[in-house]
Amino acid sequence: MIKHLLDIQDLSPATWETLIQDTISISKTSIDKLKERKIADNSNQAAFLFLEPSTRTYFSFSIAAQKMGIHVHVLNSHQSSLSKGETIEDTLLNLEAMGVRSTIIRLKEENILSHISKSLKTMSLICAGEGKTSHPSQALLDATTIYEHFNRLDNLKILFLGDIEHSRVYASNLKWLNWYNNSIYALSSNTKKLININEPNTELGPWENYLAEFDVIIMIRPQLERHTTPSSMNLSEYHHEFGINLDRFKKLKPTSILMHPGPFYPKTEFSQELLSDKRFKIYRQVYWGIFARMSIFNHILG
Ligand code: CP
């Protein structure tokens, strides 16, 4: 059992593997058997505090909660006393005093959840996205997608492609991928250089020369909402320089997969035709999202 899930470092590799196995196992569990996993009444009040927009994470946590008998109370910044200046910490302490047992929180600020979590006695915090640093439940559904396809979490060559400096998906995935013997490459739309993240000073050639080597390419959209200065690159340039178009897709080996956490910009990170290709796992990732979040609830509240 873990008390909070703020990022991957709250977990051990063994717990990570259990979460992945549970995600897969829950997906195969009948509705009748799922009733046995329902969260006890004294733990089944949850708050959703999404201070940044979300579709996938919000809905999948919400459906996961419903399936596990958890009552969700949604608090938004405009209608709550956050709009009157109450801090996030005080908000959570008040919810805790009312018996709310878990809060699923997304926020743009960084490095505050860890501090707040120390003030909480009976409430668990589950990070649904923190600034540029953390998105652990996304990493879990990504890991499950990779495990489903390769039946392993190691000995993979993985490329993160795009605006990685502003991406919490990149940050969280990097942490678990580094537990295992993986070769991780990154092509940043900021530096425009391909690097092997374990040997960042080694000069590598043009990224397209390496396309046939990767097992997994994880595309990252331009994270414009987190740019502090306007980007000098427009979306069509991004597509031209970093997008997986059909020509680039044809260079991949037949066993490799494409992934994307969503949302995406049309005709930017990839060509639209690829959406229906079975090697593009974007909707499979979303499928795993509900079961991954049920697995997280189970480990924290179960
Ligand atoms: N992948 C992801 O976090 O999507 P949302 O922003 O829609 O939740």
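For ligands, and for the atoms within them, numbers begin at 1 and follow the listed sequence.
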(Q) Between Phe160 and Tyr185, does the ring pair (Phe, Tyr, Trp, His ring centres under 6.0 Å) criterion hold? Intermediate values first, please. (A) CA-CA 6 Å; Phe160 288 91; Tyr185 291 74; over 10 Å; no

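- Of the protein's non-hydrogen atoms, Arg56 NE, 3.0 Å is the one closest to atom 4 (O) of ligand 1.
- Once rounded to the nearest 0.5 Å, the distance linking CZ of Phe242 with CD of Glu237 reads 9.5 Å.
- Residues Phe297 and Phe61 bring their aromatic ring centres within 6.0 Å.
- Residue contacts with ligand 1 do not include Glu52, since none of its heavy atoms lies under 4.0 Å from the ligand.
- Taking the six-membered ring wherever Trp is involved, the centroid distance between the rings of Phe48 and Tyr58 falls below 6.0 Å.
- Within ligand 1, counting atoms from 1 as listed, the ones closer than 4.0 Å to a heavy atom of Thr57 are 2 (C), 3 (O), 4 (O), 5 (P), 8 (O).
- For atom 7 (O) of ligand 1, the nearest non-hydrogen atom of the protein is Thr55 N, 2.8 Å.
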Q.
Determine whether Asp142 and Asn173 satisfy the following criterion, side chain to side chain donor-acceptor pair (under 3.5 Å), listing intermediate values before the conclusion.
A. CA-CA 8 Å; Asp142 289 343; Asn173 272 307; 2.9 Å; yes

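- Remark: Lys3 NZ is packed, more than 12 non-hydrogen atoms of other residues, nucleotides or ligands lying under 6.0 Å away.
- For ligand 1, the atoms sitting less than 4.0 Å from at least one non-hydrogen atom of His135 are 2 (C), 3 (O), numbered in the order shown with element in parentheses.
- Between Pro261 and ligand 1, an N or O atom pair is found at a separation short of 3.5 Å.
- Proximity of Gly262 to ligand 1 is established by a heavy-atom distance of less than 4.0 Å.
- Among protein heavy atoms, atom 6 (O) of ligand 1 sits closest to Arg106 NH1, 2.9 Å.
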